[in-house]
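Below: the structure, in structure tokens.
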Amino acid sequence: MTNLNSKIPQGPVATKWSSYKDHIALVNPSNKRKLDIIVVGTGLAGASAAASLGALGFKVKAFCYQDSPRRAHSIAAQGGINASKNYQNDGDSVYRLFYDTIKGGDYRAREGNVYRLAEVSGNIIDQSVALGVPFAREYGGLLDNRSFGGAQVSRTFYARGQTGQQLLLGAYSALSRQVSLGNVESFTRHEMLELVLIDGRARGIIARNLVTGETERHSAHAVVLATGGYGNVFFLSTNAMGSNTTALWKAYKKGAFFANPCFTQIHPTCIPVHGEFQSKLTLMSESLRNDGRIWVPKRKEDVDALRKNKMKPKDIAEENRDYYLERRYPAFGNLVPRDVASRAAKERCDAGFGVGETGLAVYLDFAESIKRLGRNVIEERYGNLFQMYQKIVDENPYENPMMIYPAVHYTMGGLWVDYELMSTVSGLFVAGEANFSDHGANRLGASALMQGLADGYFVLPYTIQNYLADQINVPRFSTDLPEFAEAEKQVKANISKLFDIKGTKPVDYFHRQLGKIMWEYVGMARNKAGLEKAIQLIREVKAAFWKDVKITGENNEVNPELEKAGRVADFIELGELLAMDALNREESCGGHFREEYQTPEGEALRNDDEFMYVAAWEFQGEGKEPKLNKEPLEYEAIEVKQRNYK
Amino acid sequence: MDFTLKIWRQKNAKAKGKFVTYKVKGISDSSSFLEMLDVFNDQQVTKGEDPVVFDHDCREGICGACSLYINGRPHGPDDSVTTCQLHMRRFKDGDTIVIEPWRSAAFPVIRDLMIDRQAFDKIIQAGGFISVNTGGIPDANAILIPKQNADASMDAAACIGCGACVAACKNASAMLFVAAKVSHLALLPQGRAEASARVQAMVAKMDELGFGNCTNTGACEAECPKDISIENIARMNREFLGAKIGSQKKTVKAGGF
């Protein structure tokens with residue numbers, strides 16, 4: 001087995017990061033200009049990394065598939081960003097944020113990484129405010145906070161229901177400034193289709209210009225992937241339509257290990273599915289759980305009457321409502337972590353108490369808060385979310401409770417990285433949701449924005465220097481090198497292969513099929529037989545795809561069908577790995593719930609003796625079983641316990 | 001529901017475009033407008049014909065990628081929504097729907113309904129930022145910002161950069177987009193230091209890129225999916241005028257010890 005060296009610095013957890021920073025090698029300013037860095041993806045992690053590295057003086061090339069870096073899907077994050085500022089004097093601290101994150105992740109994340117994340121969290125707020133992010137404020141002019149699921153303190157900073165948008169626009173403005181200063185070159189409507197290795201190190205990428213269809217070669221001394229998560233493997237998710245795993249998957253095939261792919265997050269508060277042609281799911285921010293109460297009817301006759309439209313939810317008497325989260329988890333109530341809330345909703349719906357046309361929905365009710373605080377306060381806090389709900393569902397959530405149901409939202413798994421955010425490919429760094437590092441088996445609300453910006457603003461600018469310090473005498477790479485020619489040839493061959501299938505069904509047909517299998521067998525609850533069946537079915541989809549997919553048009557033009565085909569081909573393969581990982585992990589932890597492993601009360605039952613490790617999968621060649629490598633997790637600063645939110 | 005679609009088809013930036021009429025059938029009234037186009041494209045691909053190309057990504061009204069001109073209005077007949085948030089229940093069964101790209105010299109068509117909005121990125125690069133590098137920043141609460149200023153700044157910062165304001169304007173002016181960014185930063189103490197240089201640089205870039213002038217028709221505000229107010233344009237004009245007067249008084253040379 002490959003020995004995975006996580007490079008966690010020695011010493012107590014609280015001093016690891018400062019001691020690391022004190023001892024790393026640095027690159028002097030005149031040498032930074034001679035070093036090129038490619039950053040793929042311009043969301044929170046990518047934009048903040050590209051801007052920060054550009055500001056340091058490195059020559060950066062930033063790539064995104066969208067028409068502008070500002071459109072990366074971080075923009076859609078609603079609720080907020082955590083930081084252990086303790087502005088509210090409610091007992092928060094770096095240690096407590098660290099502790100909550102490790103516990104929230106069900107003890108499947110690395111202590112060293114998570115402590116660092118909590119440690120730099122405050123700097124992110126400072127940085128963002130300096131860049132002009134208009135966070136919500138109190139009347140006295142100080143920053144406001146709110147609480148979020150899985151925490152007992154108010155440490156979440158927010159900009160209405162558009163926190164991700166404002167943080168991304170902040171990072172995008174910093175990136176734009178570096179473009180104007182000539183430190184960053186921006187390549188929009190470009191998609192990375194291959195990673196180029198020279199002597200075992202990441203030295204460039206092959207990207208397709210999505211307007212002209214040309215394949216381009218780009219070289220660099222190091223490559224950063226900040227391409228987000230792979231939630232679209234489920235077809236329906238809260239991700240953007242273009243969000244994909246292709247960059248990660250190409251890197252995986254070039255030797256980067258894929259860690260914990262089965263750790264996927266199902267978000268509890270999304271708008272329920274409405275029909276066959278639905279293209280995506282819309283999230284309603286978790287912050288709604290601060291003031292909304294979740295319930296379903298207690299009596300089956302009420303469920304029937306509701307479905308037949310014979311009564312309204314407000315006609316159901318208080319004593320006939322089951323506020324099941326408050327009932328099961330009195331200490332955290334409606335603010336339990338996402339995995340717990342999602343499973344509890346599924347449990348009620350499976351037991352026949354779900355509401356809505358499909359029976360796959362629960363109520364999120366604001367009536368009591370509106371009575372207590374007034375409609376104005378609720379409108380100020382959640383106005384844009386209520387409006388969004390009304391537009392999609394055509395019902396007024398101020399008058400009737402919202403209907404919600406869990407949906408795929410975030411992927412904790414990703415490429416394996418060490419403490420320096422470097423993958424198992426030398427010189428290939430991975431940041432943000434694309435790596436596996438900080439959330440363990442479940443991510444707490446308002447932590448994704450924190451991690452993306454921590455990686456980009458405050459971690460990579462240090463760790464990448466430690467790698468580049470001995471590269472200062474390595475001249476810029478010519479893209480005429482045979483390694484580039486070979487990689488480009490491979491990309492072109494793949495494209496031709498897709499066109500040559502000339503089948504009968506559009507790409508989406510296969511993506512939908514894959515999504516159904518993933519949701520059915522690899523979704524909120526998994527079991528051995530189902531996972532084995534899923535692997536079989538995914539292989540059938542793969543065979544069918546390569547025999548029968550139909551792509552119209554040509555390569556040398558704008559061709560969304562071709563783009564989708566390449567992405568779906570990779571999603572199918574990733575789906576199989578995800579199911580294999582879920583099959584291998586014979587325990588329940590965080591978002592990974594194996595029905596065979598639960599407590600008598602139906603809670604996730606971990607198996608720390610056998611599974612307290614990171615599963616890092618190593619590609620062994622097409623058609624071959626990937627190899628499982630294990631990185632054991634050690635807890636020194638935190639006592640490992642059964643998670644308890646009662 | 002069934003619809004007749006009149007869609008602008010254009011092979012590439014240089015080709016001549018034209019309207020082509022199609023039928024689409026069996027659309028659910030709870031489908032979004034873009035899901036209706038997905039169904040249409042599925043039909044096209046199955047028939048072996050080119051699907052219609054359009055920009056879209058988040059499909060929840062925040063990324064600013066979607067951009068259609070529907071029955072003569074940017075983002076369609078509803079107020080305060082993007083095209084991806086428009087639902088087919090808004091139309092009547094059997095309706096004819098005309099779908100065009102944004103029309104502006106500064107936003108050339110790439111293909112069909114997809115346009116090139118890089119001009120917006122260039123305007124931001126010209127000055128739509130606060131000049132700070134990463135790190136070495138004082139505590140976030142060291143700057144007090146009155147709530148009403150933070151709220152007004154947020155109102156302006158909510159712009160998604162979709163370009164509907166340009167599409168709606170008979171002069172194809174980008175004033176609302178630029179004014180939103182100028183206001184967002186000018187309303188914050190952190191943004192004041194460079195306010196004067198920022199507004200001048202951004203306005204100059206906007207003019208250079210071929211956007212038209214503002215003649216105060218207010219069409220931009222009416223069509224903005226995020227309800228960005230034209231008060232921002234007034235604020236930008238004040239900032240711009242103030243900057244002009246200030247810059248004539250004295251030029252401070254940079255550098256030197």
Side-chain angles (χ1 to χ4, degrees), chain A residues 51-52 55 66-68 70-71 73 75-76 87 123 125-127 129-132 134-143 159-160 162 165-166 169 173-174 176-177 179-180 186 188 211 240-242 274-275 277-280 282 388 391-392 394 457 461 506 508 550 552-553 557-558 560-561, chain B residues 12 28 30-31 34-35 38-39 42 45-46 48-51 53 55-65 81 85 87 89 110-111 114 116-118 120-121 124-126 128-134 137-141 143-147 150 153-154 157-158 161 184-185 188 190-191:
Chain A
S52 303
Q66 297 90 346
D67 71 329
S68 164
R70 67 180 289 154
R71 306 209 200 280
H73 199 54
I75 199 111
Y87 282 163
N123 301 108
I125 305 302
D126 303 340
Q127 186 70 37
V129 166
L131 286 167
F135 284 121
R137 297 207 170 238
E138 307 274 11
Y139 281 99
L142 294 173
L143 288 155
R160 293 201 189 131
Q162 292 127 280
Q165 179 198 28
Q166 293 309 313
L169 292 181
S173 73
S176 299
R177 174 168 164 254
V179 171
S180 73
S186 170
T188 58
V211 175
M241 301 303 285
H274 67 69
F277 292 106
Q278 188 154 1
S279 59
K280 76 155 276 164
T282 303
M388 191 194 274
K391 276 172 199 161
I392 295 173
D394 206 20
Y457 281 136
D508 281 353
K550 178 175 190 171
T552 49
E557 61 184 1
V558 180
E561 290 299 311
Chain B
N12 55 51
S28 151
S30 56
S31 278
L34 296 184
E35 284 165 358
D38 290 342
V39 174
D42 249 34
V45 174
T46 309
E49 289 173 26
D50 278 341
V53 175
D55 265 318
H56 64 103
D57 206 21
C58 79
R59 297 211 176 183
E60 50 189 280
I62 193 74
C63 75
V81 294
Q85 294 175 300
H87 283 73
R89 64 175 86 94
I110 293 173
R111 181 165 191 181
M114 179 185 272
D116 181 348
R117 281 171 290 196
Q118 287 185 67
F120 271 9
D121 281 340
I124 299 295
Q125 286 157 16
F129 47 74
I130 294 173
S131 298
V132 290
N133 289 341
T134 305
I137 306 283
D139 187 87
N141 259 348
I143 316 166
L144 294 180
I145 304 178
K147 187 176 187 311
S153 174
M154 179 64 218
H184 156 214
L185 298 175
L188 300 172
Q190 312 90 295

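Everything quoted here is computed from the prediction, not taken from an experiment. Lettering follows sequence order; numbering is per chain, from 1.
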Smallest heavy-atom separation, B:V132 atom then A:Q127 atom, equals CG2-NE2, 4.3 Å
If we define contacts as heavy-atom pairs under 4.5 Å, which of B:G191, B:A126, B:G64 has the most with chain A? B:G64
Return the option, out of B:I137, B:D57, B:V45, with the maximum number of heavy-atom pairs under 4.5 Å with chain A. B:D57
Need one label for A:T188: side chain, backbone, both or neither, based on atoms under 4.5 Å from any heavy atom in chain B. side chain
Whatever's closer than 4.5 Å to a heavy atom in chain B on A:Y87 counts as side chain
Let me see the working for A:V558 and B:M114 under side-chain contact (heavy atoms from CB on, under 4.5 Å), right down to the final yes or no. CA-CA 9 Å; A:V558 180; B:M114 179 185 272; 3.9 Å; yes
Under 4.5 Å, counting heavy-atom pairs only, tell me which of B:P51, B:S28, B:G61 racks up the most with chain A. B:P51
Could you report the tightest heavy-atom contact between B:K147 and A:E138, atom names first, then the distance? CB-O, 3.7 Å
If you count heavy-atom pairs under 4.5 Å with chain A, which of B:Q190, B:R59, B:Q85, B:H184 comes out on top? B:R59
Nearest 0.5 Å, what's the CD1-CD distance between B:I62 and A:Q165? 4.0 Å
Options B:V39, B:N133, B:D50, B:N141, ranked by heavy-atom pairs under 4.5 Å with chain A, top entry: B:N141
Go through the steps for A:R177 and B:S131 under the test side-chain contact (heavy atoms from CB on, under 4.5 Å), then give the verdict. CA-CA 7 Å; A:R177 174 168 164 254; B:S131 298; 3.4 Å; yes
With only heavy atoms counted, which part of B:Q118 is less than 4.5 Å from chain A, the side chain, the backbone, both or neither? side chain
B:H87 side, atom NE2; A:K391 side, atom NZ - distance, nearest 0.5 Å: 10.5 Å
Check A:I125 against B:A140 and note the closest heavy-atom contact, atom names and distance. CG2-CB, 3.8 Å
How would you list, by chain and number, every residue that makes a side-chain hydrogen bond (donor to acceptor under 3.5 Å, both in side chains) with A:R160, sequence neighbours excluded? B:D155
If you count heavy-atom pairs under 4.5 Å between each of B:N12, B:L185, B:I143 and chain A, which one has the most? B:I143
Looking at A:E561, A:Q278, A:M388, A:E557, which makes the most heavy-atom pairs under 4.5 Å with chain B? A:E557
Contact part of A:N123 toward chain B, heavy-atom cut-off under 4.5 Å: side chain, backbone, both or neither? neither
Mind checking ring-ring contact (aromatic ring centres under 6.0 Å, His included) for A:H73 and listing every partner two or more places apart, or none if nothing turns up? none
Which atom pair, heavy atoms only, marks the closest approach of B:M154 to A:A159? SD-CB, 4.0 Å
For the CE atom of A:M241 and the NE2 atom of B:H56, what is their distance to the nearest 0.5 Å? 5.5 Å
So which part of A:P560 gets closer than 4.5 Å to some heavy atom of chain B, the side chain, the backbone, both or neither? side chain
If I measure from the heavy atoms of chain B, does A:L169 come under 4.5 Å with its side chain, its backbone, both, or neither? side chain
If every non-hydrogen atom of B:S153 is compared with every non-hydrogen atom of A:P134, which pair is closest and at what distance? OG-CB, 3.8 Å
Shortest non-hydrogen separation from B:D121 to A:S68 and the atoms involved: OD1-OG, 2.8 Å
